[in-house]
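These notes concern the structure reproduced below.
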Amino acid sequence: MPAYPTTVDFLTDDDLPVRIVRSTRRTKTISSQWRDDRLVVQVPAGLSEFAEKRMVEEMIGKFRQRQARNQAQGSGPSLEERAALLDAQYLDGRARPVSVRWVDNQAKRWGSASLKERRIRLSSALKWSPQWVQDFVLVHELVHLVVPDDGHGPKFKALLARYPKSHEADMFLRGFSTGYRALSLELGQTPTTPEISDDPVDIDF
């Protein structure tokens with residue numbers, strides 16, 4: 001049997017980050033957990049390529065089912081809780097938003113921040129994106145609260161760069177918006193995601 005790498009990272013077709021960890025201590029069991037912003041699937045190192053692929057696909061399917069159930073039940077951290085965690089992790093707790101909520105009437109931007117009231121709003125269209133993309137938009141708005149006079153200047157960019165997937169999330173949003181709008185137009189519907197611009201994530205003063 002060929003020697004495989006101990007770990008393998010990849011993205012599924014819908015951009016779910018997955019890490020396969022091949023363990024010599026496992027002989028039959030397989031497990032998965034969400035860790036380090038990805039689905040980590042631990043499998044026996046001795047599996048054939050076919051068996052490993054089948055088992056990993058099964059664990060990804062179960063993960064998606066759990067996600068769907070959690071979203072339907074409204075479980076998991078609230079937006080305000082996630083914003084507080086991200087503020088502490090990347091901005092030393094300096095943003096301190098008063099409220100963070102979803103809105104349905106924000107069709108031209110993914111997120112906005114009211115600098116006077118310290119309130120953040122996210123477009124409900126973001127609910128269709130992975131959490132790491134939503135978190136990018138949250139961090140973007142939190143940074144505006146930390147450096148309100150910098151716009152999208154060097155201080156802003158330096159703080160936003162602390163979020164490790166800034167570039168990937170920005171590319172995801174641009175592609176997601178283009179595809180979603182194209183589908184809406186094809187179906188004769190009014191597009192409900194922000195248009196692509198130099199900065200579709202913006203602020204309100």
Side-chain angles (χ1 to χ4, degrees), residues 2-23 26 29-72 75-77 79 82-83 85-86 89-90 102 110-111 122-143 157 160-184 186 191-201:
Y4 298 119
T6 304
T7 62
V8 175
D9 292 318
F10 69 94
L11 288 174
T12 63
D13 291 340
D14 58 351
D15 290 308
L16 172 69
V18 179
R19 170 171 292 168
I20 301 174
V21 178
R22 300 177 175 122
S23 173
R26 290 177 178 266
T29 61
I30 180 172
S31 67
S32 68
Q33 59 181 304
W34 186 259
R35 189 173 70 230
D36 299 329
D37 294 323
R38 69 190 66 235
L39 179 65
V40 179
V41 183
Q42 299 184 10
V43 302
L47 287 178
S48 67
E49 184 177 356
F50 174 80
E52 179 182 278
K53 183 175 184 295
R54 180 174 58 82
M55 297 179 79
V56 170
E57 288 176 348
E58 180 180 344
M59 298 307 287
I60 291 173
K62 290 182 178 180
F63 173 77
R64 290 195 176 107
Q65 290 174 359
R66 291 197 302 271
Q67 270 192 321
R69 285 197 302 269
N70 289 342
Q71 290 177 358
S75 61
L79 274 183
R82 282 163 57 189
L85 290 171
L86 293 166
Q89 184 174 4
Y90 298 111
W102 296 108
W110 294 113
L122 298 189
S123 168
S124 58
L126 272 174
K127 291 181 180 180
W128 296 98
S129 69
Q131 182 172 317
W132 59 272
V133 176
Q134 298 173 20
D135 287 350
F136 163 73
V137 179
L138 277 173
V139 172
H140 183 116
E141 301 306 333
L142 290 167
V143 172
K157 291 178 180 178
L160 184 61
R162 293 183 180 183
Y163 186 71
K165 290 190 173 182
S166 293
H167 178 72
E168 293 89 338
D170 181 68
M171 292 299 100
F172 179 96
L173 289 173
R174 292 174 187 274
F176 175 68
S177 181
T178 299
Y180 195 96
R181 293 177 65 82
L183 177 61
S184 297
E186 184 176 335
T192 56
T193 58
E195 298 178 8
I196 295 302
S197 65
D198 288 340
D199 195 344
V201 183

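Values below: every heavy atom of this structure, side chains too, minus hydrogens, waters and symmetry copies. Residue numbers count from 1 along this sequence. All of these numbers come straight from a predicted model, not from anything done at the bench.
How far CZ of Arg54 is from CD1 of Ile30: 9.0 Å, rounded to the nearest 0.5 Å. Rounding to the nearest 0.5 Å gives a distance of 7.0 Å between CG of Leu79 and CD of Gln134. Rounded to the nearest 0.5 Å, atoms CG (Leu86) and CD (Glu141) are 12.5 Å apart. Here Leu11 contributes atom CG and Leu16 contributes atom CG; the two are 8.0 Å apart, rounded to the nearest 0.5 Å. For the atom pair CG of Leu138 and CG of Leu122, the computed distance is 4.5 Å after rounding to the nearest 0.5 Å. Atom CZ in Arg82 sits 11.5 Å away from atom CG in Leu142 (nearest 0.5 Å).
Checked against salt bridge (charged side-chain N to carboxylate O under 4.0 Å, His left out), Arg162 has the following partners two or more places apart in sequence or in another chain: Asp92.
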- Task: Begin from the C-alpha positions of Thr12 and Arg64 and carry the test side-chain contact (heavy atoms from CB on, under 4.5 Å) through to its verdict.
- Result: CA-CA 12 Å; Thr12 63; Arg64 290 195 176 107; 3.4 Å; yes

- Message: Could you go through Ser129 and Phe172, starting from their C-alpha distance and side-chain angles, then the distance that decides it, and tell me whether this counts as side-chain contact (heavy atoms from CB on, under 4.5 Å)?
- Response: CA-CA 9 Å; Ser129 69; Phe172 179 96; 3.7 Å; yes

- For side-chain contact (heavy atoms from CB on, under 4.5 Å), just list the numbers for Arg174 and Asp170, CA-CA rounded to whole Å, side-chain angles, deciding distance to a tenth of an Å, and then say yes or no. CA-CA 6 Å; Arg174 292 174 187 274; Asp170 181 68; 2.9 Å; yes

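Lys53 and Glu49 are not joined by a salt bridge, as no carboxylate oxygen comes within less than 4.0 angstrom of a charged side-chain nitrogen.
Here the side chains of His140 and Leu160 are in contact, with some heavy-atom distance below 4.5 Å. With a 4.5 Å cut-off on side-chain heavy atoms, Phe136 and Leu173 count as touching.
Among all heavy-atom pairs drawn from Ser32 and Val41, the shortest one is CB-CG2, 4.1 Å. For the pair Trp110 and Ala125, the tightest heavy-atom approach, listed with the atom from each and the gap, is CZ3-CB, 4.0 Å. Across Met59 and Ser31, no two heavy atoms sit closer than the pair CE-C, 3.9 Å. Across all non-hydrogen atoms, the minimal contact from Ala45 to Arg22 is CA-CB, 4.1 Å. Nearest approach of Tyr90 to Pro164, heavy atoms of both residues: OH-CD, 3.4 Å. The shortest heavy-atom contact between Arg19 and Asp9 is NE-OD1, 2.6 Å.
No side-chain donor-acceptor contact under 3.5 Å links Gln42 to the backbone of Ser23. The main-chain N or O of Trp132 is found under 3.5 Å from a side-chain atom of Tyr163 such that the two form a donor-acceptor pair.
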